[in-house]
Student: 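One structure, as structure tokens, below. Some questions next.
Residue numbering restarts at 1 for every chain, and letters A, B, ... go by the order of the sequence lines.
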Amino acid sequence: MAIKPRVIYWFRTDLRLHDSPALAAALDLKPECLWPIWCWDPHYVYRARVGPNRWQYLLDCQQDLSDSIARLNPKSRLHVLREAPQTLLPKLFKAWKVTHLVFEKDTDAYARSRDEEVMSSAREAGVQVIVKYGKTLWDPDAVVKANGNKPTMTISQLRHAGEKVGDIPRPIPAPKSIPDPGNMPLDFAQTQPAPEPDLNSIYRTRKENSYEKLAGPNGDFAVPTIEELGIKSATTPHRGGETGALAVLDNIIKNEQYTATFEKPKSAPTAFEPQSTTLLSPHLHFGSLSCREFYWRVQDVVDNFKGKASQPPVSLTGQLLFRDMYFAAQAKMGWKFSQTVGNDHCRFIPWHLRSKVDGPDGLVTGEYNIDSVEAEEWFQRWKTGRTGFPWIDAVMRQLKQEGWIHHLARHSVACFLTRGGCYIDWERGAEVFEEWLIDHETACNTGNWQWLSCTAFFSQFYRCYSPIAFPQKTDKNGDFVRHFVPELKDFPAKYIYEPWKAPIQDQRTAKCIIKGDGTVQTIDELPAYPKPMFDFSTRRDICIGGMKNAYRVGLYGNSPKVVNGSWPSAFDDDAEGTTDGKNISEQDTLEVETHRQIQTDTNSKADSLKPMNKNKRKGTGTLEGFLRPQKAMK
DNA sequence: GTAACTGTTGACGAT
DNA sequence: GATCGTCAACAGTTA
């Protein structure tokens, strides 16, 4: 007699019941029992730097899903187990007499290695594994295959490949019932992770005790609270969970005009309360909304729309195509997609603050070289919202506070940090977004930073965002700045984007003095706002010159000179102050230093030119960086 | 092979 | 205020 299926459904970032091909496959087995579980992975708890807002969003999604499961079957819920899946699942297979393991396929580099390990232990245990795909419109691996086994680098490549792969599947309704979970004996030893390095220590208010008990502090497999994680309270108004996601989607779909005529480039990055885009991206990241549900709900409105509907790529469905493009590029390139060095599709630009690369595989270590004191100061001022450019600072403060900023605001601050202002490595900016965005998705974040820095996907570096003119197009009065940079709230509209131009009398009337570098809080008992950290148009010209030269040199991340560190020799004939770098051997450092002395004569910023190659910053590494195989982290 | 065209989202000044 | 050409100019796609 056949054994009745005893199924573990392993949730990851597919935290929903509606349109889950993998969950549908699990239920098709007509299992005797089904355990919905989440493995509390130390790679995320300790090794990725995640701000409180994204932690809260994840917990919201888990709790909402758990409640929804319990509504379908009061005996069930999302069972959160505090252990890494690689060590936990083999023990569960045995202890719970599991016959099947079902999960949704992931194609990012860490997930692939994790899932390979889990699938191999399942094979050894005689457990059948069922993997279905539902994260993007098409399976990225199928897209890559249809694109001639190459990463999709343009939207037209993605569209052609998508057509070859086939129709976008219609969503699957949420299940009406969920089988009981079986017994859950935990008569085995818990494998506790090493708590160090804990990249989230800066966010913890007290000792983190996720791993004290396998089934949580009360032994009931409950979703952890943010207090249990010892993480500071979230400051974002945005909340996670499938129930909320579907309600937001309903509201958008109800507005046929908005849904059918949406054009991303025409939406205002300065709009807040409400914002001008859907804010569904964090739900797509955590899987609390299915992108196929989103796609078809929108497409059905467009198909029935009487007026002139917008078209991809600017339309709502077009946004999903970009997501698929980045996922397929990442699926093909693996770990190397998220870094410059070793990446054959990413141009090499001799930015400041480049990532440190190490190990036999040439992967980034999570550290970077401070080759310029000035650039490091600019980077810190950018990150903390005190550049002295109100638009840039408002966006960066919104990012930290709320964990979400408009797509074009991301463009603006990314351009400013890299090719259109600071000439700092895009990987530094990507790390900050990774830490603070509630919708952070490695594929999209990396792809968009490469796009904006003109290192891949896009190359028109002479199109540069102005921190003054760009926000003025949609917010003449500067309401967005007044909200997020409240010390400027009483400045006249004439000066709101360039307050340093206001006469001192106007500054006093507006009760804010423009002085210093942002470290001074008050001047003459009035609040202070910093002076701009550089002259924008001068920096823009320097950066464009640097980009032009770097394009002429034509190095890519996999060029031998980049991999072996001899790239400065390719830039010797150029006098741009932006093309020097010291992330190289002592010999090369000397050469660069000589090169710099010549420049110093015409450059008063001599301090920034001191060799700093031993001065490196620790612990700001990317998620990908710290999720890489241990051997690559040494 | 070559040239023209096109590319989700620039700034600026003229009309 | 909306739309246009220019700025100086990249690279994938199409004819």
Student: Please check if the number of heavy atoms outside A/Asp167 that lie under 6.0 Å from its CG is greater than 12.
Tutor: no

Student: Rounded to whole Å, how long is the line connecting atom CG of A/Asp541 with atom C1' of B/dG10?
Tutor: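 Between C1' of B/dG10 and CG of A/Asp541: 14 Å.
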
Student: Quick one: which of B/dT8, B/dG10, C/dA9 gets closest to the side chain of A/Arg463?
Tutor: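 Of the candidates, B/dG10 comes closest.
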
Student: Between B/dG1 and C/dT13, how far is it from one C1' atom to the other, in whole Å?
Tutor: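 Those two atoms are separated by 15 Å.
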
Student: Taking the side chain of A/Tyr551 as heavy atoms from C-beta outward, which of C/dA9, C/dC10, C/dG12 is closest to it?
Tutor: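 For the A/Tyr551 side chain, the nearest candidate turns out to be C/dC10.
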
Student: Classify A/Ile544 by what it touches in the nucleic acid, base, sugar-phosphate, or nothing, heavy-atom distance under 4.0 Å.
Tutor: nothing

Student: Give me the distance, rounded to whole Å, that separates B/dA3 from C/dC7 when you measure between the C1' atoms they each carry.
Tutor: 22 Å

Student: Rounding to the closest angstrom, what is the interatomic distance between C/dC4 and B/dT6 at atom P?
Tutor: 15 Å

Student: Is the A/Phe480-A/Trp391 ring centre distance short of 6.0 angstrom?
Tutor: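 Judged by ring-centre distance (under 6.0 Å), A/Phe480 and A/Trp391 do meet the cut-off.
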
Student: Would the number of heavy atoms belonging to other residues, nucleotides or ligands and lying under 6.0 Å from NZ of A/Lys105 be above 12?
Tutor: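 Yes, NZ of A/Lys105 has more than 12 neighbouring heavy atoms, counting only those of other groups under 6.0 Å.
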
Student: For A/Phe416, run the side-chain contact (heavy atoms from CB on, under 4.5 Å) check against A/Tyr465, A/Phe470, A/Trp378, A/Phe389 and tell me which one passes.
Tutor: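 Answer to the side-chain contact (heavy atoms from CB on, under 4.5 Å) test with A/Phe416 among A/Tyr465, A/Phe470, A/Trp378, A/Phe389: A/Phe389.
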
Student: Return the value, rounded to whole Å, for the distance between atom NE2 of A/His411 and atom C1' of B/dT8.
Tutor: 9 Å

Student: In whole angstroms, how far is the C1' atom of C/dT3 from the NZ atom of A/Lys266?
Tutor: 11 Å

Student: Can you check the A/Lys548 NZ to C/dC10 C1' distance for me, whole Å?
Tutor: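 So the NZ-C1' distance, A/Lys548 to C/dC10, works out to 12 Å.
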
Student: Over how many whole Å does the gap from A/His160 atom NE2 to C/dG12 atom P extend?
Tutor: 16 Å

Student: Would you say a side-chain N or O of A/Gln460 is under 4.0 Å from OP1 or OP2 of B/dT6?
Tutor: no

Student: Between C/dA2 and B/dT8, how far is it from one P atom to the other, in whole Å?
Tutor: 24 Å

Student: Consider the side chain of A/Tyr465, meaning its heavy atoms from C-beta on, and name the nucleotide among B/dA11, C/dC10, B/dT8 that approaches it most closely.
Tutor: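 Out of B/dA11, C/dC10, B/dT8, the nucleotide with an atom closest to A/Tyr465's side chain is B/dA11.
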
Student: Is the distance between the ring centroids of A/Phe461 and A/Tyr551 under 6.0 Å?
Tutor: yes

Student: From C-beta outward on A/Ser459, which listed nucleotide comes closest to its side chain: B/dG10, B/dT8, C/dC10?
Tutor: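 For A/Ser459, the side-chain atoms sit closest to C/dC10.
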
Student: Counting only Watson-Crick pairs (N1-N3 plus N6-O4 or O6-N4) and G-U wobbles (N1-O2, O6-N3), all under 3.5 Å, who is the partner of B/dT8?
Tutor: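 Pairing partner, where one exists within any strand: none, as none qualifies.
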
Student: Can you tell me if the side-chain N/O atoms of A/Lys473 get under 4.0 Å from OP1 or OP2 in B/dA11?
Tutor: yes

Student: When both hydrogen-bonding distances must be under 3.5 Å and the geometry is Watson-Crick or G-U wobble, what is C/dA2 paired with, if anything?
Tutor: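 Here C/dA2 is engaged in a pair, and the nucleotide opposite it is B/dT15.
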
Student: Strictly by Watson-Crick or wobble contacts shorter than 3.5 Å, is anything paired with C/dA8, and which nucleotide is it?
Tutor: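 C/dA8 is unpaired by these criteria.
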
Student: Quick check for you: among B/dT8, C/dT13, B/dT9, whose closest atom lies nearest to any side-chain atom of A/Ser156?
Tutor: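 Side chain of A/Ser156 sits closest to C/dT13.
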
Student: Any idea which of B/dT8, B/dA11, C/dA9 is nearest the A/Trp451 side chain?
Tutor: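 The listed nucleotide nearest to A/Trp451's side chain is B/dT8.
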
Student: Which of these nucleotides, B/dA11, B/dT8, B/dT9, is closest to any side-chain atom of A/Gln319?
Tutor: B/dT8

Student: Does the side-chain ring of A/Phe322 sit on the six-membered ring of the B/dT8 base, less than 5.5 Å centre to centre and under 30° in tilt?
Tutor: yes

Student: Between B/dA11, C/dA9, B/dT9, which one does the side chain of A/Tyr462 approach most closely?
Tutor: C/dA9

Student: Rounding to an integer number of Å, can you tell me how far A/Phe461 CZ sits from C/dA8 C1'?
Tutor: 9 Å

Student: Roughly how many Å apart are C/dA9 and B/dG7, using the P atom of each and rounding to a whole number?
Tutor: 23 Å

Student: C/dT14, C/dA9, B/dT8: which one has an atom nearest the side-chain heavy atoms of A/Pro313?
Tutor: B/dT8

Student: What is the distance, to the nearest angstrom, from the CE atom on A/Met153 to the C1' atom on B/dG7?
Tutor: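 That distance rounds to 15 Å.
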
Student: Checking side chain to side chain donor-acceptor pair (under 3.5 Å) between A/Thr13 and each of A/Glu441, A/Glu104, A/Lys135, which is the one that passes?
Tutor: A/Lys135

Student: Expressed in angstrom and rounded to an integer, what is the separation of A/Arg159 atom CZ from B/dT8 atom C1'?
Tutor: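 To the nearest whole Å, that distance equals 11 Å.
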
Student: Any side-chain N or O of A/Thr154 under 4.0 Å from OP1/OP2 of C/dT13?
Tutor: yes

Student: Let me see the working for A/His483 and A/Phe272 under ring pair (Phe, Tyr, Trp, His ring centres under 6.0 Å), right down to the final yes or no.
Tutor: CA-CA 9 Å; A/His483 184 82; A/Phe272 65 106; 4.6 Å; yes

Student: Please measure how far the P atom in C/dA8 lies from the corresponding atom in B/dT2, and state the result in whole Å.
Tutor: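 Rounded to whole Å, the distance is 27 Å.
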
Student: Let's test your reading of the model: under 3.5 Å, does the base of B/dT9 pair with the side chain of A/Glu263 as donor and acceptor?
Tutor: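 No, no donor-acceptor pair under 3.5 Å.
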
Student: So, does A/Ser466 get its side chain near the phosphate of B/dG10, meaning an N or O under 4.0 Å from OP1 or OP2?
Tutor: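 Checking A/Ser466 against B/dG10: no side-chain N or O falls below 4.0 Å of OP1 or OP2.
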
